[in-house]
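Structure first, then comments.
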Amino acid sequence: MGFTKTKDRAFNTYNVFAGWLARRPRPVRLGVYSVVGLVMWAAYLLPGNRVRPTIVALSKHVGEPSPRKLFGRYVRRFITGLDLAERVRHGFGAEVDGLLTIEDKERFDGILEKGGMFLALPHVHASIAMARALGKSYQVLLIIRLTTEKKRAEAQRLLFEKVGCDILDARNEPSSSIARKTMRALRDGKIVIGTVDRIRPPPDGDVDTARGQVRATVFGQVVGVESWPTRFAMEAKVPVVPATVRQTDGGISLCLGNESSPTHSIAESTQYWVDELEKLLRSNPEEWNFSLDKHWSRVLMESQAL
């Protein structure tokens, strides 16, 4: 059974009593969430599962001598990130609002003084909590993509209603509407947050306009990266700012990579922010939820096999 299905089954079981659990003290919540952690560990230990070889490959990439320790940190960050998101979903978001620290905030604010920005995030455990807290101090448009699994999609809708910023569903809204609203937000000086680590097989050329894909190299492998972050930033004349979210004791930090101002070349501009994003992922591998996605699993394992 794949990791995504494992997560879906664990979530659906947990979601039956999620509302009750959200109102319990934190030690009780984390104790119950540890059951989800046990399911994840089962996926890691069961023979034939892709979780362990993926973590082994990721460990080699980031210089972590113990894959088991890396996965242990991944599970702990997953659980604490889940707790933060569930507090938001069930009406306790005010607890999250004061937890955010923006590393290099002076640079962050300096970028916004000149206009909007596209904040390019990977799928990380505490991204929802970060968006909620960021939206309390800045104007934010969050581009989301609801899952196709019905029960999780319903829970996601309830969650995003409580985040407190403008939302765009890239899966279900017309592409023309998404483009119009995104461009308006960027030109109005807002922060547009998008998750940008969905990858596919690489296109034949540098840019495949029909598929919306750009050929890029990451973790030593050639992949297809979505072109829309670069295209929107290029048209709005705003920078792409790669970032990730790190959980700390009692807080969360927004960690920034070097921003890029897109040039006339979509391929070159995309490769620049992909390189910056890879640096952030290497520095914070335990926070990267999508490292176990089937496409990233293949990339990580194949690059280590060379």
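- Taking all atoms of both residues into account, the shortest heavy-atom contact from Pro67 to Ile55 is O-CG2, 3.4 Å.
- At least one donor-acceptor pair closer than 3.5 Å links the side chain of Arg132 to the backbone N or O of Lys162.
- In this structure the side chain of Ile193 reaches within 4.5 angstrom of the side chain of Met130, judged on heavy atoms.
- Counting non-hydrogen atoms of other residues, nucleotides and ligands closer than 6.0 Å to CD of Glu268 gives a total of 12 or fewer.
- From Ser253, atom OG reaches atom CZ of Arg246 across 6.0 Å, with rounding to the nearest 0.5 Å.
- Side chain of Ser34 to main chain of Gly37: no donor-acceptor pair is present (N/O by atom type, distance under 3.5 Å, no hydrogens or angles).
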For the pair Asn258 and Tyr272, evaluate side chain to side chain contact (heavy atoms under 4.5 Å, CB included) and give the outcome as yes or no after the intermediate values. CA-CA 9 Å; Asn258 292 320; Tyr272 184 89; 3.6 Å; yes
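- Proximity of a side-chain donor or acceptor of Asn284 to a complementary backbone N or O of Leu280 within less than 3.5 Å is detected.
- Between Glu286 and Arg76 no salt bridge is recorded (no basic side-chain N to carboxylate O distance below 4.0 Å).
- Salt-bridge check for Asp206 with Arg215: failed, with every basic side-chain N at 4.0 Å or more from each acidic carboxylate O.
- Residues satisfying the ring pair (Phe, Tyr, Trp, His ring centres under 6.0 Å) criterion with Tyr44, sequence neighbours excluded, are Trp41, Phe71.
- Atoms CG and CD, on Leu82 and Glu86 in that order, are 5.5 Å from each other to the nearest 0.5 Å.
- Here the closest non-hydrogen pair linking Pro203 and Gly224 is CD-CA, 3.9 Å.
- Applying the ring pair (Phe, Tyr, Trp, His ring centres under 6.0 Å) criterion to Phe219, with sequence neighbours excluded, gives His61, Trp288.
- Taken to the nearest 0.5 Å, the CG atom of Leu186 stands 10.5 Å off from the CE atom of Met117.
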Side chain to side chain contact (heavy atoms under 4.5 Å, CB included) evaluation trace for Gln139 with Ile191: CA-CA 6 Å; Gln139 290 184 303; Ile191 302 168; over 6 Å; no
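- Side-chain contact between Arg87 and Arg29 is present, with at least one heavy-atom pair separated by less than 4.5 Å.
- Using a 4.5 Å heavy-atom threshold, the side chains of Val196 and Phe118 count as touching.
- Side chain of Thr248 to main chain of Gly251: a donor-acceptor pair is present (N/O by atom type, distance under 3.5 Å, no hydrogens or angles).
- Using modelled atom types, one side-chain atom of Ser283 and one backbone atom of Lys279 make a donor-acceptor pair closer than 3.5 Å.
- With 3.5 Å as the limit, one finds no donor-acceptor pair spanning the side chains of Thr230 and Ser269.
- In the hydrophobic clustering of this structure, Leu281 does not group with Val56; members are Ile, Leu, Val, Met, Phe, Trp, Tyr whose side-chain heavy atoms approach within less than 4.5 Å, directly or through other members.
- Between Leu70 and Pro285, some side-chain heavy-atom pair lies under the 4.5 Å cut-off.
- Looking at residues two or more places apart in sequence or on another chain, you find a side-chain hydrogen bond (donor to acceptor under 3.5 Å, both in side chains) between Arg282 and Glu278.
- Here the CD-CG distance, from Glu95 to Leu84, works out to 9.5 Å after rounding to the nearest 0.5 Å.
- Note: the hydrophobic cluster containing Leu292 also contains Met40 (ILVMFWY, side chain heavy atoms under 4.5 Å, direct or indirect links).
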List the steps and the verdict of side chain to side chain contact (heavy atoms under 4.5 Å, CB included) for Phe108 and Leu254. CA-CA 10 Å; Phe108 185 82; Leu254 179 62; 4.2 Å; yes
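- Salt-bridge formation is detected for the pair Asp109/Lys105: a Lys NZ or Arg NE/NH1/NH2 atom is positioned less than 4.0 Å from an Asp or Glu carboxylate oxygen.
- If you look at Tyr74 and His125, their ring centroids are closer than 6.0 Å.
- Without hydrogens or angle criteria, Asp197 side chain to His123 main chain gives a donor-acceptor distance under 3.5 Å.
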Candidate pair Arg73 and Glu64, rule salt bridge (charged side-chain N to carboxylate O under 4.0 Å, His left out), full reasoning: CA-CA 12 Å; Arg73 296 198 302 272; Glu64 167 58 65; 3.1 Å; yes
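- Panel note: side chain Ser127, backbone Val124; a donor-acceptor pair is recorded below 3.5 Å.
- Ion pairing between a basic and an acidic side chain is recognised when a charged N comes within 4.0 Å of a carboxylate O; Asp169 and Arg145 show no such pairing.
- Taking CD of Gln271 as the reference point, atom CG of Asp275 lies at 4.5 Å (rounded to 0.5 Å).
- Inter-residue side-chain proximity for Val225 and Val274 is flagged as met; some heavy-atom pair is nearer than 4.5 Å.
- In the hydrophobic clustering of this structure, Val245 groups with Leu100; members are Ile, Leu, Val, Met, Phe, Trp, Tyr whose side-chain heavy atoms approach within less than 4.5 Å, directly or through other members.
- Using a 4.5 Å cut-off between side-chain heavy atoms of Ile, Leu, Val, Met, Phe, Trp and Tyr, with links allowed through other members, Phe78 and Leu46 fall into different hydrophobic clusters.
- Under the 3.5 Å distance criterion, with hydrogens and angles disregarded, a donor-acceptor pair is assigned to the side chains of Gln247 and Glu287.
- The backbone N or O of His295 sits less than 3.5 Å from a side-chain atom of Asp293, completing a donor-acceptor pair.
- Leu168 places none of its side-chain heavy atoms less than 4.5 Å from the side chain of Leu142.
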Val238 vs Lys190, test: side chain to side chain contact (heavy atoms under 4.5 Å, CB included). Steps then yes/no. CA-CA 10 Å; Val238 301; Lys190 295 182 180 181; over 6 Å; no
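- Nearest heavy atoms, Glu259 versus Pro239: CB-CB, 4.1 Å.
- With a 4.5 Å cut-off on side-chain heavy atoms, Val192 and Phe232 do not count as touching.
- Annotation: cation-pi pair Arg298/Trp296 absent, no NZ/CZ under 6.0 Å from the ring centroid and within 45° of its normal.
- Using a 4.0 Å cut-off between charged side-chain N and carboxylate O, Asp166 and Lys181 make no salt bridge.
- A donor-acceptor contact closer than 3.5 angstrom is absent between the side chains of Thr54 and Arg50.
- Heavy atoms only, all atoms of each residue included: Ser227 and Gln213 are closest at OG-N, 4.2 Å.
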Run the salt bridge (charged side-chain N to carboxylate O under 4.0 Å, His left out) check on Glu161 and Arg89 step by step: do they pass? CA-CA 8 Å; Glu161 288 175 0; Arg89 178 161 74 113; over 6 Å; no
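- Minimum heavy-atom separation, Pro122 to Leu277: CD-CD1, 3.7 Å.
- Within the 4.5 Å cutoff, side-chain heavy atoms of Ile144 are placed close to those of Ile167.
- One finds the CD1 atom of Ile178 at 11.0 Å from the CZ atom of Arg171 (value rounded to the nearest 0.5 Å).
- What you find for Ile128 and Val163 is that their closest heavy atoms are CG2-CG2, 4.0 Å.
- Cluster membership for Ile252 and Leu159, using ILVMFWY side-chain heavy atoms within less than 4.5 angstrom, is shared.
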